[in-house]
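Naming convention: chains lettered A, B, ... in sequence-line order (proteins, then strands); numbering from 1 in each chain.
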Amino acid sequence: MTLSSLQPVRGTHDLMFDDIRRHRHVQSKFASVAARYGYSEIATPIFESTEVFARTLGDTTDIVTKEMYTFETKGGESVTLRPEGTAGVARAFISEGLTQQTPLKLFYNGPMFRHERPQKGRQRQFHQIGAELLGVPGPQGDVEVIALADHILRELNLTGKVTLELNSLGDADSRAAYRAVLIEYLTGHREKLSAESRDRLEKNPLRVLDSKDAADKEIVISAPRFPDYLNQASRDFFKSVQDGLSDLGVAFSLNASLVRGLDYYSHTAFEFTTEALGAQGTVLAGGRYDGLIAQMGGPPTAGIGWAAGVERLAMLLGEMPVLPRPIAVIPVGVGEDAVAQKLVHRLRMSGFNVDIGYSGNMGKRMKRANKLNAAVALIIGEDEVKQSSVTLRHLDSGEQSTVAMADLESRLELYR
RNA sequence: GCGGGUAUAGCUCAGUUGGUUAGAGCAUCUGGUUGUGGUCCAGAGGGUCGUGGGUUCGAGUCCCAUUACUCGCCCCA
């Protein structure tokens, strides 16, 4: 541990054994469920022009102002390691000429990078799965996207551990109206607000609703409520989303202070949260972003999507299913090595999961077979080679018998 | 960026008011068992006590700094 450069960079981790199995489990469940909903996969580059993120996320967000891994290429271009997935998908939507192929359903999965202080459930390189539905302006789009999220959490057996919170940010008019009264109210209490909230009052007043500062919370309790300022169209829209979810049996609760900071968000905002991960309770979050594509320079296109943290989901998973037990092939002496190797290959070609101890006496190899959790050992010695057979030993019971080489596949059928 | 906690063997951790060869369990290796593992028994290897400085006759232990990890704030997935 003396060479600091031999440690993984702060906030990054090597994933192996059980950890990566959990990740793969999350990812493969996601891929199979997403396919049932008609989503196809997209893999956008891990870095993009800095502009792509700066423009889409908004230059008042923490992500853009202090958490991006931004660097200059040898060609002098400013590029950024992606801090989230939606911006890249939106960029691809425009630059790949997909704007005429709506409705478009895309899902993705991959590493994201944010320069934050690491803690439980928060790393500098982390992984997200996400889904985006482009070109569906109606509430049935919201319902389907949320149902997809709920479905995946269900497949992962997490329904008891997470709850869905829902809010509406309304359309642009509603938001402008609410924003105005909120600013007026908060300005009246300006002196009592925390420093950050005073700052947000200028840049992003909705975020004050989110504050965890005790004094701020006091003020927020009596603040004008967003739902009261939704116009009729926005109310109808939100009502349809709620009815749609209820019809599908997706449970949710309303949370009027659930907000998204960015201007292009509208209508539905939602989060699946858990109590089990401490401060990082948000496991999956998303919303409708009808303004985004236009803001990036594409044709006005409705959009809604979400992203989930794979690490956070993986932490919530229970025990992983046990791995299939291999078959161990054990040559008694060096004389049998070649026969053993051929047998191993033959069984692998037939679809069996086979391992072999590479060196050592028989005792050692038996020990290794045991450690691999092998179900059976195939022992090959001089006698066996002579009669073209192997000794098949069941490692749990210790029973063993002689099996002709030719009959092996059928005798091992149970262990495939 | 701010605050708290922690750092001793590959892993999990003991280590007394500062006291001389720094321990345990697990893991690893060897032997008991040269064609039979998981149990058992005997033994072995493995540590610049995170790093640097200071106090002291003497520091794993006290002080300072630093780094890493971790939890919280913030932010978010």
Trainee: Scan every strand shown for a Watson-Crick or G-U wobble partner of B:rA42, both distances under 3.5 Å, and answer none if you come up empty.
Mentor: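 Across all strands, the one nucleotide that pairs with B:rA42 is B:rU30.
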Trainee: Specify the separation, in whole Å, of atom CG of A:Leu284 and atom P of B:rC76.
Mentor: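 For the pair A:Leu284 CG and B:rC76 P, the rounded distance is 16 Å.
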Trainee: Figure out the CD/P separation between A:Glu116 and B:rC69, and round it to whole Å.
Mentor: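 Result: 15 Å.
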Trainee: Distance check, C1' atoms only: B:rA59 and B:rG53, in whole angstrom units.
Mentor: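 Straight-line distance between the two C1' atoms is 13 Å.
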Trainee: In whole Å, what is the span from the CG atom of A:Leu313 to the P atom of B:rC76?
Mentor: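 Spelled out: CG on A:Leu313 to P on B:rC76 is 19 Å.
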Trainee: Identify which nucleotide among B:rC76, B:rG35, B:rC71 has an atom closest to any side-chain atom of A:Gln119, counting heavy atoms from C-beta outward.
Mentor: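 Output: B:rC71.
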Trainee: So what does A:Gly130 hit on the nucleic acid, given a heavy-atom distance under 4.0 Å: a base, only sugar-phosphate, or nothing?
Mentor: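 If one applies the 4.0 Å heavy-atom cut-off, A:Gly130 turns out to touch nothing in the nucleic acid.
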Trainee: If we check side-chain contact (heavy atoms from CB on, under 4.5 Å) with A:Glu384, which of these qualifies: A:Thr391, A:Thr402, A:Leu378?
Mentor: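 Going through the options one by one, the only one that passes is A:Thr391.
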Trainee: Find the distance A:Asn361:CG to B:rU33:C1' and express it as a whole number of Å.
Mentor: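 Roughly 10 Å, once rounded to whole Å.
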Trainee: Assess whether a salt bridge exists between A:Glu144 and A:Lys105, defined as any Lys/Arg side-chain N lying under 4.0 Å from an Asp/Glu carboxylate O.
Mentor: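 Answer for the salt bridge query: yes.
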Trainee: Does either side chain, that of A:Ser253 or that of A:Asn255, offer a donor lying less than 3.5 Å from an acceptor on the other one?
Mentor: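 Judged by distance alone, the side chains do not pair up.
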Trainee: Tell me what A:Ala285 touches on the nucleic acid: a base, only sugar-phosphate, or nothing, going by heavy atoms under 4.0 Å.
Mentor: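 The answer is sugar-phosphate, as A:Ala285 gets under 4.0 Å only of primed atoms, P, OP1 or OP2.
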Trainee: What I want to check is whether an N or O donor and acceptor connect the side chain of A:Arg312 with the base of B:rC76 at under 3.5 Å.
Mentor: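 Under the 3.5 Å cut-off, the side chain and the base do form a donor-acceptor pair.
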Trainee: What's the closest nucleotide to the side chain of A:Ile379 if the choices are B:rG1, B:rC71, B:rU36?
Mentor: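 Nearest nucleotide to the side chain: B:rU36.
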Trainee: Reckon A:Arg114 touches a base, only the sugar-phosphate, or nothing at all at heavy-atom distances under 4.0 Å?
Mentor: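 A:Arg114: base contact, heavy atoms under 4.0 Å.
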Trainee: Could you measure between the two P atoms, the one in B:rC26 and the one in B:rG35, and give it in whole Å?
Mentor: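 Here B:rC26 and B:rG35 have their P atoms 28 Å from each other.
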Trainee: Checking all strands, does A:Gly398 fall into the base, sugar-phosphate, or nothing category for heavy-atom contacts under 4.0 angstrom?
Mentor: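 Base, at least one base heavy atom under 4.0 Å.
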Trainee: Is the phosphate of B:rU28, meaning OP1 or OP2, less than 4.0 Å from a side-chain N or O of A:Lys371?
Mentor: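 For A:Lys371, the contact criterion (side-chain N or O under 4.0 Å from OP1 or OP2 of B:rU28) is met.
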Trainee: In whole angstrom, what separates A:Leu392's CG from B:rG37's P?
Mentor: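 It works out to 17 Å between those atoms.
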Trainee: Using a cut-off of strictly less than 4.0 Å, decide whether A:Gln128 has a side-chain nitrogen or oxygen near OP1 or OP2 of B:rA77.
Mentor: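 So the side-chain polar atoms of A:Gln128 never come under 4.0 Å of the phosphate oxygens OP1 or OP2 of B:rA77.
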Trainee: Identify the nucleotide, in any strand shown, that forms a Watson-Crick or G-U wobble pair with B:rC69, with both distances under 3.5 Å; if there is none, say none.
Mentor: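 Across any shown strand, B:rC69 pairs with B:rG5.
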Trainee: Now, which nucleotide makes the Watson-Crick or G-U wobble pair with B:rU17, with each of the two distances under 3.5 Å?
Mentor: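 Base-paired to nothing in any strand shown.
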Trainee: Using a distance-only criterion (donor-acceptor N/O pair, under 3.5 Å, no hydrogens), is the base of B:rG37 paired with the side chain of A:Arg393?
Mentor: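 It does, because a donor-acceptor pair links the side chain of A:Arg393 to the base of B:rG37 below 3.5 Å.
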Trainee: Using atom C1' of each nucleotide, how far apart are B:rU56 and B:rU20 to the nearest Å?
Mentor: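 Straight-line distance between the two C1' atoms is 15 Å.
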Trainee: For the residue pair A:Tyr185 and A:His189, categorise the inter-ring angle as parallel (less than 30°), tilted (30 to 60°) or perpendicular (more than 60°).
Mentor: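 If you compare the ring of A:Tyr185 with that of A:His189, the planes turn out tilted.
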Trainee: So what does A:Leu395 touch, heavy atoms closer than 4.0 Å: a base, only the sugar-phosphate, or nothing?
Mentor: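 If one applies the 4.0 Å heavy-atom cut-off, A:Leu395 turns out to touch a base.
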Trainee: Salt bridge or not for A:Asp18 and A:Arg21, using N-O below 4.0 Å?
Mentor: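 Salt bridge present between A:Asp18 and A:Arg21.
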Trainee: Verify side chain to side chain contact (heavy atoms under 4.5 Å, CB included) between A:Val339 and A:Met405, making sure each step is shown before the conclusion.
Mentor: CA-CA 11 Å; A:Val339 182; A:Met405 276 276 195; 3.9 Å; yes
Trainee: Nearest whole angstrom, please: distance from the C1' of B:rG4 to the NZ of A:Lys120.
Mentor: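 To the nearest whole Å, that distance equals 17 Å.
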Trainee: B:rU12 pairs with which nucleotide, Watson-Crick or G-U wobble, both distances below 3.5 Å?
Mentor: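 Partner of B:rU12: B:rA24.
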Trainee: Of the options A:Leu395, A:Leu412, A:Asp396, which is the one that meets A:Val376 in a side-chain contact (heavy atoms from CB on, under 4.5 Å)?
Mentor: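 Running side-chain contact (heavy atoms from CB on, under 4.5 Å) over A:Leu395, A:Leu412, A:Asp396 with A:Val376 returns exactly one hit, A:Leu412.
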Trainee: With sugar-phosphate meaning primed atoms plus P, OP1 and OP2, does A:Glu271 contact a base, only sugar-phosphate, or nothing at under 4.0 Å between heavy atoms?
Mentor: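 No contact.
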Trainee: In whole angstrom, give the distance that lies between atom CG of A:Asp337 and atom P of B:rG35.
Mentor: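 Distance check: A:Asp337 CG to B:rG35 P gives 13 Å.
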Trainee: Quote, to the nearest angstrom, the P distance that separates B:rU61 from B:rC69.
Mentor: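 Each nucleotide's P atom is 23 Å from the other's.
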Trainee: Let's test this: given Watson-Crick or G-U wobble pairing with both distances under 3.5 Å, identify the partner of B:rC74.
Mentor: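 Matched B:rC74 with nothing under the 3.5 Å cut-off.
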Trainee: Starting the side chain at C-beta, find the nucleotide from B:rC76, B:rU36, B:rC73 nearest to A:Thr282.
Mentor: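 Output: B:rC76.
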Trainee: Using the closest heavy atom to pick a nucleotide of RNA chain B for each, name whichever of A:Ala307 or A:Asp396 lands nearer the 5' end.
Mentor: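 With A:Ala307 and A:Asp396 compared, the 5'-side residue is A:Asp396.
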Trainee: Counting only Watson-Crick pairs (N1-N3 plus N6-O4 or O6-N4) and G-U wobbles (N1-O2, O6-N3), all under 3.5 Å, who is the partner of B:rU55?
Mentor: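 Pair assignment: B:rU55 / none.
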Trainee: Please measure how far the C1' atom in B:rU30 lies from the corresponding atom in B:rG46, and state the result in whole Å.
Mentor: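 Those two atoms are separated by 14 Å.
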Trainee: Taking the C1' atom in each of B:rC49 and B:rG31, what is the distance between them to the nearest angstrom?
Mentor: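 To the nearest whole Å, 32 Å.
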Trainee: When the C1' atoms of B:rA44 and B:rG52 are considered, how many whole Å apart are they?
Mentor: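 Comparing C1' positions in B:rA44 and B:rG52 gives a spacing of 35 Å.
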Trainee: With sugar-phosphate meaning primed atoms plus P, OP1 and OP2, does A:Arg365 contact a base, only sugar-phosphate, or nothing at under 4.0 Å between heavy atoms?
Mentor: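 Since no nucleic acid heavy atom lies under 4.0 Å of A:Arg365, the category is nothing.
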Trainee: Taking only N and O in the side chain of A:Lys364, is any of them less than 4.0 Å away from OP1 or OP2 of B:rU36?
Mentor: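 No, because none of the side-chain N or O atoms of A:Lys364 sits under 4.0 Å from OP1 or OP2 of B:rU36.
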Trainee: What's the closest nucleotide to the side chain of A:Glu382 if the choices are B:rG35, B:rA77, B:rG38?
Mentor: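 Given the options B:rG35, B:rA77, B:rG38, the side chain of A:Glu382 is closest to B:rG35.
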Trainee: Please give the distance between the C1' atoms of B:rC11 and B:rU67 as a whole number of Å.
Mentor: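 Rounded to whole Å, the distance is 23 Å.
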Trainee: State which of B:rG35, B:rG3, B:rA77 makes the closest approach to the side chain of A:Arg117.
Mentor: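 Among B:rG35, B:rG3, B:rA77, the one nearest the side chain of A:Arg117 is B:rG3.
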Trainee: Should the ring pair A:His151 and A:Tyr37 be called parallel, tilted or perpendicular, given that the plane angle runs from 0 to 90° and is split at 30 and 60?
Mentor: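 Plane angle over 60°, so perpendicular.
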Trainee: For B:rG60, which nucleotide in any strand shown is its Watson-Crick or wobble partner with both distances under 3.5 Å?
Mentor: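 Partner of B:rG60: none found under 3.5 Å.
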Trainee: Please report the distance, rounded to the nearest Å, between CD in A:Gln400 and P in B:rU36.
Mentor: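 The distance from CD of A:Gln400 to P of B:rU36 comes to 10 Å, rounded to the nearest Å.
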Trainee: Considering only B:rU36, B:rU70, B:rG35, which nucleotide approaches the side chain of A:His13 most closely?
Mentor: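 That would be B:rU70.
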Trainee: Quiz question: going by heavy-atom distance under 3.5 Å, is there a donor-acceptor pair between the base of B:rG35 and the side chain of A:Glu384?
Mentor: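 Per atom types, the contact qualifies.
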Trainee: Do the side chain of A:Arg10 and the base of B:rA68 come within less than 3.5 angstrom through a donor-acceptor pair of N or O atoms?
Mentor: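 When only heavy-atom distances are counted, A:Arg10 does not reach the base of B:rA68 through any donor-acceptor pair under 3.5 Å.
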Trainee: For the residue pair A:His267 and A:Phe237, categorise the inter-ring angle as parallel (less than 30°), tilted (30 to 60°) or perpendicular (more than 60°).
Mentor: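 Parallel: the ring planes of A:His267 and A:Phe237 meet at under 30°.
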